[in-house]
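Side-chain atoms are counted along with the backbone in the values below, which use heavy atoms only and exclude waters and symmetry mates. Throughout, a chain's letter reflects where its sequence line sits, starting with A, and its residues are numbered from 1.
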Amino acid sequence: IQCFLDRKEEIMKVMPV
Amino acid sequence: GGVPVWLRKRLRALCNSGATKRPHFESSWYGPINGVSYTVFTVKDGFIIKPQAKFRDKVSPPSSVIPGRSNSVSSNTSNMSTSSYNVEARPRTEPGPEADILEPDFVICIAGSSLTGDKIVYIIEIKRGDEDAFKASEQITHYVKRAVSTGAMISTGIVGLLVLGSETFRI
């Protein structure tokens, strides 16, 4: 679960809105 | 992180079930893992989770296409099938089954309104704890390689997760 949360945070930073 | 207590407990119970109480089918893991995935990678935030996602092999346009003859190229390539990862795949009009389709248990994608613009975030393959770890790792590696070959990813790459009973390996 922590892995998922960390990766989501990382993705949201680079993802175009 | 928004994952309900009951679901955390259920996953813990699955992990602690041991050899005797272990679920009979790997599908017992599908629901809980799908639940955790959707709790974190929400539709609202632009994600989609594909159960039994298909990775189709990239194919070249039909051999009848002669390089340099642009009209012939356009008429033939328009017949090609395009996957949700923007891979040119074998057209549906070709007879017989499509060869070499890979089918991981789940693929988590960044989605959008386009039918061909999905970006792969995670590939998840689930196995019971008593299955051959080496074979399973080869399988997930094959999936990740195919996914990478599509180029459908963001700069942080693609991560494969092999759930092998109570253990999860990151590839």
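B:Ile158 and A:Arg7 make their closest contact through CA-NH2, 4.0 Å (heavy atoms, listed as atom of the first residue, atom of the second, distance). Here the shortest heavy-atom pairing between B:Ile108 and A:Phe4 reads CD1-CZ, 4.1 Å. Between B:Val40 and A:Lys8, the closest heavy-atom pair is O-NZ, 2.9 Å.
Follow the hydrophobic side-chain contacts under 4.5 Å out from B:Phe169 and you never reach B:Tyr122; the two are in separate clusters. No continuous path of hydrophobic side-chain contacts links B:Phe25 to B:Ile33 [ILVMFWY only; heavy atoms under 4.5 Å]. When hydrophobic clusters are built by joining Ile, Leu, Val, Met, Phe, Trp and Tyr residues whose side-chain heavy atoms come closer than 4.5 Å, directly or via intermediates, B:Val5 is not grouped with A:Ile1.
Contact of B:Thr168 with chain A is not made at all, since no heavy-atom distance falls under 4.5 Å.
Counted within 6.0 Å of CD on B:Glu103, heavy atoms from surrounding residues, nucleotides or ligands total more than 12; the atom is thus considered enclosed. Atom CZ of B:Arg22 sits in a crowded spot, with more than 12 heavy atoms from other residues, nucleotides or ligands closer than 6.0 Å.
Here B:Ile154 contributes atom CD1 and A:Ile11 contributes atom CD1; the two are 4.5 Å apart, rounded to the nearest 0.5 Å. A:Glu10 CD to B:Ser155 OG: the interatomic distance, rounded to the nearest 0.5 Å, is 8.0 Å.
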